[in-house]
Amino acid sequence: MAENIARLPRGRITLCEAGPKVTETVSAGGTAATDGYATARRAIRPALTLAASFSALVNILMLTGSVYMLQVYDRVLASGSLPTLVGLFLVVTLLYIFLAYYDFLRSRILSRSAARLDQMVGETAFRAWLREGLDPARAESQPLRELEMVRGFLASPAMHGIFDLPWIPFYLLVLYLVHPWLCWLTIGGALVVMALAAINRALSKPAFAHAAVLDGNERRFTDRSQSLAAALLPMGMERALTERWRSLHLATLAGSQKGSGASEGLAATSRAFRMFLQSATLTVGAVLVLRGEMSGGMIVAATIISGRALAPLDSVIGHWRTIGRAIEADRRLSAFFAGEARRPATVAVDLPAPSGRIEVTDLSKHAPRRLSGTQQGPAGNPILSQVSFALDPGDGLGVIGNSASGKSTLARLLVGSWRPDSGEIRLDGATLDQWHPERLGRSIGYLPQNVDLLHGTVRENIARFDPQAKSDDIIEAARQAGVHDMILALPDGYATQVGGPDTPLSGGQIQRLGLARALYGAPSIVVLDEPNANLDAEGDAALTNAIAGLRASGATVVVMAHRPSALAAVNKVLVLQAGALVAFGPKEDVLGVQPGEAARLTAATAEADAGMAPETGGASHKTDGVVQLDRAASRNLLRSRHPVFSRWRA
């Protein structure tokens, strides 16, 4: 970390309300214009240079005590002059006031520099960290936590010790002027301390890196367990989760102790050696006094100066654990932001909002396979394979298929939360990476399979936390999703706090608010992944009306359906089986039914999959666990040519 800090580039040290977005500038067809972390480090270099200049004043003023003792022993006691003692004491008092002031300024500058670094890259780190969550193979990054480590290091006493290191030769020169023997003795002691520091770093560096990985694993398991406590604890998993946490925690403690054990032992050895060196300096000084080569006052002064010369080394070794973690955090941040700088950038042309035309060509996605905690291995089995279809504005597509057929993966790919391994998705003829993410995001509504709300008000969640959201747009989205009256019935209406453990909403209400969030801003492309999984009959009706309204307004709607009611308002159906497309076209053609019979047939199919009786009669009924179809439905199934329906032909 010390060598990295020494290279910190130039910029202002004055704090401002909002740091620049250092990675937002892009060039047409190129990559991100700059590495945000490197830019931020360049920006705080003047502050660190100023702190170094105050370190020079602090280290010079550190001689005050030794010079004062030298004068007291050799001049005041020899002359017996009280006015001289008083005068020297007043001068020393003034010098110590300056010492405290300059040391305060150095600490303040370092703390402000740490805040400045965080201010400049914190927003970018958070945005990049959010994007990393879209890629399961890269979700191990923790830039915010690592930035916190670097920020804490910059404002810590360890940084003071690093700034004091260059002043060791200055103290050695002063000792040489007192007597060369004392200088060489201190140099020998410094070499021993430096050797201990080098051994300390060599022994602790791999252990610190391994401990950081273990700590990350434990933190992720802990956070995830707490977030899922409401679902896991009622199943009696508390003891099992505790045992799992205990094994991870013990591994983390063992890794941490492995790295700190050698460091603590070397730090203790270094401190003891420093004390021994002071005694050795006193002994050599006494020999020199006996030989008449220096005065008695010089013994005390030389002992203090020798200790001060080695103090920075002792400080660095004592804080080596903090320094080691900061070095690793700095390395990971540099690699993280360097990777962000190499990410393909948005083209300079600001494309208009998409109209809803979607073209999918040979789309494939494989399951990631990990080699270790932070590395991705070769691609696993295909989740989607060579899927192609096209939709026009106003189309409604229902995607059906068995579990694990790739429906949710297709939804994630369509909205851009996952990247395809091959093939492409085009909106109005442009691939997704040609759009500015925020502009494209405003034109997309997405309801994931597992809906959750962020901590905030109902209004904020529906408005996607847009500070400039208009109330009319929020209410319109709520009305389209059929939740306006439900929201008004909440304790505080649109100001009701949700997203916490004490949220007053049921699963169905959360899903309907998620639908309102997806519909906010009149998006032209809406992707709904099993939107009626938690809905009752009223919610189903509201969903059908919402889909019909979206299509009437020209939006393209894609519904990943498991329950048949979600297909009531679509005009096209896509059938997935084991990640492959087996059918796509108008709903009546794909299902092989007449328009009036389509809903009944899809209902019977879905209910047979779930082993449930139909919700409505007419198409089928259940007898002793077997779904029986009426004559018309059976005839339509026999006409179907698609493998997904082959189980009915018998």
Side-chain angles (χ1 to χ4, degrees), residues 50-110 157 159-190 193 271 273-315 318:
L50 186 60
S53 66
F54 283 119
S55 294
L57 296 174
V58 167
N59 279 276
I60 292 173
L61 290 173
M62 281 291 184
L63 293 174
T64 300
S66 56
V67 173
Y68 178 65
M69 289 185 180
L70 177 64
Q71 295 299 319
V72 169
Y73 278 99
D74 291 350
R75 177 174 298 181
V76 175
L77 295 182
S79 63
S81 174
L82 184 59
T84 302
L85 178 62
V86 173
L88 289 174
F89 181 75
L90 292 177
V91 172
V92 166
T93 302
L94 181 62
L95 292 177
Y96 275 125
I97 292 174
F98 277 108
L99 173 62
Y101 179 65
Y102 292 139
D103 197 23
F104 162 76
L105 288 180
R106 178 175 67 171
S107 300
R108 174 59 62 88
I109 290 172
L110 290 176
M159 197 64 184
H160 293 195
I162 291 176
F163 273 115
D164 290 339
L165 282 176
W167 288 93
I168 292 177
F170 169 73
Y171 292 108
L172 294 177
L173 177 61
V174 174
L175 284 174
Y176 185 84
L177 295 177
V178 175
H179 198 282
W181 286 15
L182 299 175
C183 176
W184 295 121
L185 177 62
T186 305
I187 290 175
V193 173
R271 285 193 296 270
F273 180 78
R274 255 190 71 194
M275 298 175 65
F276 165 77
L277 189 61
Q278 289 181 343
S279 298
T281 302
L282 184 62
T283 302
V284 173
V287 171
L288 294 174
V289 170
L290 293 175
R291 296 179 57 177
E293 298 183 22
M294 60 183 295
S295 64
M298 290 183 177
I299 297 179
V300 180
T303 302
I304 297 175
I305 295 173
S306 176
R308 179 58 195 167
L310 298 182
L313 292 176
D314 186 63
S315 175

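None of the values given here were measured: they were computed from a predicted structure. Both backbone and side-chain heavy atoms feed into the values below; hydrogens, waters and symmetry mates do not.
Atom CD1 of Ile305 and atom CE of Met298 lie 10.0 Å apart (nearest 0.5 Å). In this structure, CZ on Phe98 lies 11.0 Å from OG1 on Thr64, to the nearest 0.5 angstrom. The distance from atom SG of Cys183 to atom CG of Leu173, rounded to the nearest 0.5 Å, is 8.0 Å. Distance CG/Leu61 to CZ/Phe54: 11.5 Å, rounded to 0.5 Å. Put simply, CG on Leu99 and CD1 on Ile60 are 11.5 Å apart, with the number rounded to the nearest 0.5 Å. Here the straight-line distance linking atom CG of Leu277 with atom CG of Leu282 works out to 11.5 Å at 0.5 Å rounding.
The backbone N or O of Gly297 sits less than 3.5 Å from a side-chain atom of Asp74, completing a donor-acceptor pair. Not one N or O on the side chain of Ser306 forms a donor-acceptor pair closer than 3.5 Å with the backbone of Ala302.
With a 6.0 Å radius and a threshold of 12 heavy atoms from other residues, nucleotides or ligands, Tyr176 has its OH atom at or below the threshold. Heavy atoms from other residues, nucleotides or ligands lying under 6.0 Å from OH of Tyr73 number 12 at most.
The two atoms that bring Ile168 and Pro312 nearest to each other are CG1-CG, 4.3 Å, heavy atoms only. Residues Gly161 and Ser315 approach most closely at CA-OG, 3.9 Å, considering heavy atoms. Smallest separation of non-hydrogen atoms from Ala309 and Thr186: CB-CG2, 4.1 Å. Residues Tyr171 and Asn59 approach most closely at OH-O, 2.7 Å, considering heavy atoms. Met69 and Ile304 get closest at one heavy-atom pair: SD-CD1, 3.2 Å. When all heavy atoms of Ala51 and Ile109 are compared, the closest pair comes out as CB-CG2, 4.0 Å.
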Audit row: Leu110, Phe163, side chain to side chain contact (heavy atoms under 4.5 Å, CB included) steps and yes/no: CA-CA 11 Å; Leu110 290 176; Phe163 273 115; 3.5 Å; yes
Applying side chain to side chain contact (heavy atoms under 4.5 Å, CB included), run through Gln71 and Thr84 and close with a yes or a no. CA-CA 10 Å; Gln71 295 299 319; Thr84 302; over 6 Å; no
Could you go through the side chain to side chain contact (heavy atoms under 4.5 Å, CB included) check for Thr281 and Leu175 one step at a time? CA-CA 11 Å; Thr281 302; Leu175 284 174; 5.8 Å; no
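Checked against ring pair (Phe, Tyr, Trp, His ring centres under 6.0 Å), His179 has the following partners two or more places apart in sequence or in another chain: Trp181.
Taking the side chain as every heavy atom from C-beta outward, Leu70 and Ser295 approach each other to under 4.5 Å. Side-chain atoms of Arg308 and Leu63, non-hydrogen and from C-beta on, never get closer than 4.5 Å to each other. Put simply, the side chain of Ser107 reaches to within 4.5 Å of the side chain of His160, judged on heavy atoms.
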